[in-house]
*Asks:* 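Encoded as structure tokens, here's the structure I'll be asking about.
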Amino acid sequence: MLKFKLVSNKKNHFNHIETSLTGHSLLSTAKLNKGCAFTREEREIFGLTSLLPYQIETLEQQVDRMYAQYHEHHTNLSKNIYLNVLHDYNETLFYKLVSQHLEEMLPIIYTPTVGDAVQRFSLELRKPRGLYISYPDMKNMDEILEQRLTPEVDLAVVTDGEAILGIGDQGIGGVNISSAKLMVYTLCGGINPHRVLPIQLDVGTNNPHLLNDPMYLGWRHERITGQAYDDFIDLLVRTLTKRFPQIFLHWEDMGRDNARRILKHYQDQICTFNGDMQGTGVVALASVLAGILASGKPLNEHRVVILGAGTAGVGIADQIHQAMIRAGLTQLEARERFWLLDRNGLLLKDMSLPSFQLDYARKPEDVAGWQLRDNNNITLYDVVSQVKPTILIGVSTSTGAFTEEIVKLMTSFTERPIIMPLSNPTPLSEATPEDLIKWTQAKGIIATGSPFPDVLYDGKWHRVSQSNNALAFPGIGLGVIAAKAKLLTEDMLWAATQALTACSPINQDKTAPVLPKLSEIKMVSIKVAIAVMKAAQQAGLANCMDDDCQSVIEKIFWEPRYYPYRKVNGIDSST
């Protein structure tokens, strides 16, 4: 394990870095490498004088060179590979470059391009990052965690690669998702990259292509399930939390049957979070609440249809359902305002359904008398025509599912329909903003899951809001870490949602997009973090009770810059 320490001054601002590494070892460590920005004095002290060109550069000069190199790549995947190589060479330079071109580069390092990188993981592997914990090695969990790169860990993003975006089981390629999430935490939420850990759980794969691919680098075995899987997860949680009692544990792209069960089991024991269920739910709810401001109709009068009843779809439903209860409806009244569809059509009580879908399944008598296009399957068209929803959300990965016929039908009985095709990557979106704006004659209130360009309609440009969970989870994580929170509660997530909704341009203009621009994301993250920290304090779940939450957050907010280095003989890993 690398032993280095980022040292703070008396005002708790980061001041310098102490390390015992020298020469090639220092230059090959991405978290510490400064390239030609090492000073003359540092070059002499750390044995670098003959290993670097004579010229000393500033970070800004290095960024200009890297940006020029970036534009020599002509596909999104090659740009993703280039940026990840830079990250593996010089983390600080990577973060400085991307932060200066965030709107341009976030879709490259994160969704949607990261999906392509995940699929090519075994072919493109250059430098492993994070920890790979394979089921056959579970007895060595303590030793594996000791091999981590960073001495202290505030945040870990864990995946088992079973449900990656809209592309399914990708085995150990999921580690690219964990790494990308942590990049976003740092870029958008100021989380210190020296104190985070990506973890890939290799519990096998059920993807036949991977199992038969001679280049696949993971454990060639069908996925473990049942008690064996739960025991593996429990060992990980116990080992991590024993070593880092205040760790914030983020689960990402777990299979839908496991995701909810893991969250429910641990959310009252440790500070934990599911990005697909809660992160997606917070941003989707904030989009809905902002859209409701524009629609002029109160939340408790809306009818919600969600196409896609997996982890994300049910997570979004849960968040909106809780908001309706907060708005005055009973639990039963709120539940009656939802209609969820999966691959077999509308969820019904007499179907064989996984437990997490049952709360949203409709009674057969609810649909008695409906005229259906297919008597064997209640389709989205049937639901829209009968229910007359005011809100239509897609997390189905069913390309083009929101057809012109369905959208125009919805618009015929809803003055300002809220339509949110949230599936990603981009080719899997249920509709394009260009079509939605045309079909609704620009009356639709639209948010998408993937990035889309502005749309010109009737002589006016329309910015398309991306319901990107990067607007939520970095701020939530920052607030949790600043508060040193013991748990993450529904009230804390609600506080995050309200803070994000307050940042909506709709508060000033009812025709504006529902979400702020990605260029404003650091400001948004700080506001979300303050709200989460205050909610933790009010619930008695914060170990930091400082009243000046903004000051606490700003002190720990990490920005990419080069620090002076001091040479030491050794670093105590407990510091």
*Asks:* Could you note down all residue pairs passing salt bridge (Lys or Arg N to Asp or Glu O under 4.0 Å) where residues 200-212 supplies at least one of them, sequence neighbours left out?
*Replies:* none
*Asks:* When you measure from the side chain of Gln537 to the backbone N and O of Cys544, does any donor-acceptor pair fall under 3.5 Å?
*Replies:* yes
*Asks:* Is a side-chain N or O of Ser423 found less than 3.5 angstrom from the main chain of Thr397, in a donor-acceptor match?
*Replies:* yes
*Asks:* Establish, from distance only, whether the side-chain atoms of Glu252 and His250 form a donor-acceptor pair under 3.5 Å.
*Replies:* yes
*Asks:* Sequence neighbours left out, what passes side chain to side chain donor-acceptor pair (under 3.5 Å) with Lys79? Give chain and number order.
*Replies:* none
*Asks:* If a pair satisfies ring-ring contact (aromatic ring centres under 6.0 Å, His included) and one of its residues is in residues 207-231, list it, with sequence neighbours excluded.
*Replies:* Tyr135-Trp219, Trp219-His221
*Asks:* Are any of the side-chain nitrogens in Arg260 or Asp318 under 4.0 Å away from the carboxylate oxygens of its partner?
*Replies:* yes
*Asks:* Just to verify, which of Thr159, Asp116, Val118, Asn80 counts as forming a side chain to side chain contact (heavy atoms under 4.5 Å, CB included) with Asn176?
*Replies:* Val118
*Asks:* Hey, is Arg243 close enough to Asp142 for a salt bridge, meaning N to O under 4.0 Å?
*Replies:* yes
*Asks:* Nearest heavy-atom pair of Glu143 and Lys139: which atoms, and what distance?
*Replies:* OE1-O, 4.4 Å
*Asks:* Show which side-chain atoms of residues 343-358 pair as donor or acceptor with protein atoms under 3.5 Å away, not counting sequence neighbours.
*Replies:*
from	atom 1	to	atom 2	distance (Å)
Lys349	NZ	Leu358	O	3.0
Gln357	NE2	Ala309	O	2.7
Gln357	NE2	Asp342	OD2	2.8

*Asks:* Give the ring-plane orientation class for Phe273 versus Phe248, where under 30° counts as parallel, over 60° as perpendicular and anything between as tilted.
*Replies:* tilted
*Asks:* Any donor-acceptor pair under 3.5 Å linking the side-chain atoms of Ser78 with those of Thr75?
*Replies:* yes
*Asks:* Would you find a donor on one side and an acceptor on the other, under 3.5 Å apart, between the side chain of Tyr266 and the backbone of Val237?
*Replies:* no
*Asks:* Listed by chain and number, what are the ring-ring contact (aromatic ring centres under 6.0 Å, His included) partners of His73, not counting sequence neighbours?
*Replies:* Tyr82
*Asks:* Taking only distance into account, with no hydrogens and no angle test, what donor-acceptor pairs under 3.5 Å do side-chain atoms of residues 108-115 form with protein atoms, sequence neighbours excluded?
*Replies:*
from	atom 1	to	atom 2	distance (Å)
Tyr110	OH	Lys181	NZ	2.5
Tyr110	OH	Asn469	OD1	2.5
Thr113	OG1	Pro107	O	2.9

*Asks:* For Ile167, does its backbone N or O pair with a side-chain atom of Gln170 as donor and acceptor, under 3.5 Å?
*Replies:* yes
*Asks:* Before accepting this row, confirm whether a basic side-chain N of the pair Asp257/Arg261 lies closer than 4.0 Å to the acidic partner's carboxylate O.
*Replies:* no
*Asks:* Aromatic rings His87 and Tyr95: how do their planes relate, parallel, tilted or perpendicular, breaks at 30° and 60°?
*Replies:* perpendicular
